[in-house]
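Structure record follows, encoded as structure tokens.
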Amino acid sequence: MSDYRPSAHGLLDLYGCPADILRDAVALEQALRQAARNAQATILSAHFHTFGGHGGVTGVVLLAESHITIHTWAEHGFAAVDVFLCGSLQPQIAAQSIQAALFAQTAQWREYPRGENLF
């Protein structure tokens with residue numbers, strides 16, 4: 001019987017973030033890349049898309065250990081972040097980094113173990 005678990009999957013809701021950050025794909029990519037480095041994940045690639053006007057951004061940082069994604073609603077000061085890290089990496093480290101980088105006034109973090117019934 002193995003002690004290995006495939007991953008921990010975290011969902012982070014960030015409220016009260018400055019709209020200018022939530023519209024800035026470059027700043028968001030930098031924040032997610034730094035979060036991945038802080039969690040000791042291996043970055044493979046990234047792709048971010050700005051919706052234009054007063055809209056937000058959606059983006060993904062693809063990791064050897066899975067991914068970190070973000071979708072922002074700048075008009076509401078809200079960001080939804082998905083942190084999925086495999087093995088012993090800790091998604092809450094990445095989440096804390098992103099929360100700080102986005103200057104969130106409040107946050108809600110939920111973490112779910114994945115693959116619990118494999119062994």
Side-chain angles (χ1 to χ4, degrees):
M1 185 72 118
S2 172
D3 288 333
Y4 175 78
R5 295 293 176 250
S7 60
H9 194 163
L11 303 177
L12 177 64
D13 288 348
L14 298 174
Y15 300 91
C17 302
D20 59 327
I21 292 173
L22 298 182
R23 288 187 190 103
D24 187 339
V26 172
L28 293 170
E29 181 175 346
Q30 289 173 348
L32 268 62
R33 284 178 176 271
Q34 185 59 52
R37 287 189 291 271
N38 290 348
Q40 299 183 342
T42 306
I43 299 168
L44 299 176
S45 65
H47 183 78
F48 284 72
H49 172 77
T50 302
F51 288 101
H54 294 292
V57 173
T58 190
V60 60
V61 174
L62 182 63
L63 307 171
E65 301 83 5
S66 201
H67 67 266
I68 301 174
T69 65
I70 190 165
H71 192 86
T72 70
W73 287 262
E75 68 275 20
H76 299 295
F78 175 70
V81 179
D82 182 275
V83 182
F84 195 8
L85 298 177
C86 294
S88 62
L89 298 184
Q90 299 177 348
Q92 66 273 19
I93 292 171
Q96 291 167 355
S97 177
I98 295 166
Q99 181 178 345
L102 273 58
F103 301 99
Q105 291 178 6
T106 60
Q108 181 180 12
W109 172 251
R110 295 170 304 272
E111 189 172 314
Y112 304 93
R114 304 299 300 268
E116 288 184 303
N117 296 323
L118 283 176
F119 305 101

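Residue numbers run from 1 in the order of the sequence given.
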(message) Grouping I, L, V, M, F, W and Y whenever their side-chain heavy atoms are under 4.5 Å apart, do Val83 and Tyr112 come out in a common cluster?
(response) no

(request) Would you list the pairs meeting salt bridge (charged side-chain N to carboxylate O under 4.0 Å, His left out) in which at least one residue belongs to residues 18-31, sequence neighbours left out? (result) Glu29-Arg33

(request) Please report the closest heavy-atom contact between Ala31 and Leu102, naming both atoms and the distance. (result) CB-CD1, 4.1 Å

(message) Applying a strict under-4.5 Å side-chain criterion to I, L, V, M, F, W and Y, I'd like to know whether Leu11 and Leu32 cluster together.
(response) no

(message) As an exercise, state the distance from CZ of Arg114 to SG of Cys86, rounded to the nearest 0.5 Å.
(response) 9.5 Å

(message) Working to the nearest 0.5 angstrom, can you tell me the gap between Asn38 CG and Gln96 CD?
(response) 9.5 Å

(message) I need the Gln99 CD to Asp13 CG distance, nearest 0.5 Å.
(response) 11.0 Å

(message) Given Leu63, which partner from the list Leu85, Thr42, Leu44 fulfils the side chain to side chain contact (heavy atoms under 4.5 Å, CB included) test?
(response) Leu85

(message) If we check side chain to side chain contact (heavy atoms under 4.5 Å, CB included) with Ile21, which of these qualifies: Leu28, Val57, Thr72?
(response) Leu28

(message) Are Phe78 and Phe48 linked, directly or through intermediate hydrophobic residues, by side-chain heavy-atom contacts shorter than 4.5 Å (ILVMFWY only)?
(response) no

(message) Take a 6.0 Å sphere around CZ of Phe103 and say whether it holds more than 12 heavy atoms from other residues, nucleotides or ligands.
(response) no

(message) Strictly by ring-ring contact (aromatic ring centres under 6.0 Å, His included), give each pair with a member in residues 22-41 just once, sequence neighbours left out.
(response) none

(request) Please report the shortest heavy-atom distance between Ala35 and Ser97, naming the atom on each side. (result) CA-OG, 3.6 Å

(request) Find out whether His9 and Asp82 are in side-chain contact, i.e. whether some heavy atom of one side chain is under 4.5 Å from a heavy atom of the other. (result) yes

(message) Is there a path of hydrophobic side-chain contacts, each under 4.5 Å between heavy atoms of I/L/V/M/F/W/Y residues, joining Leu62 to Ile70?
(response) no

(message) Using every non-hydrogen atom in the two residues, find where Leu14 and Cys17 come nearest and quote the distance to one decimal.
(response) CB-SG, 3.7 Å

(message) Ignoring hydrogens, what is the shortest heavy-atom contact between His71 and Phe51? Give both atom names and the distance.
(response) CE1-CE1, 3.6 Å

(request) Looking only at non-hydrogen atoms, find the nearest pair between Ala94 and Ile68 and report the distance. (result) CB-CD1, 4.1 Å

(message) Taking atom CD as the centre, does Gln40 end up with more than 12 heavy-atom neighbours from other residues, nucleotides or ligands that are less than 6.0 angstrom away?
(response) no

(request) Taking all non-hydrogen atoms of both residues into account, name the closest pair between Trp109 and Ala95 and its distance. (result) CZ3-CB, 3.3 Å

(request) Could you tell me if the ring centre of Phe84 sits under 6.0 Å from that of His67? (result) yes

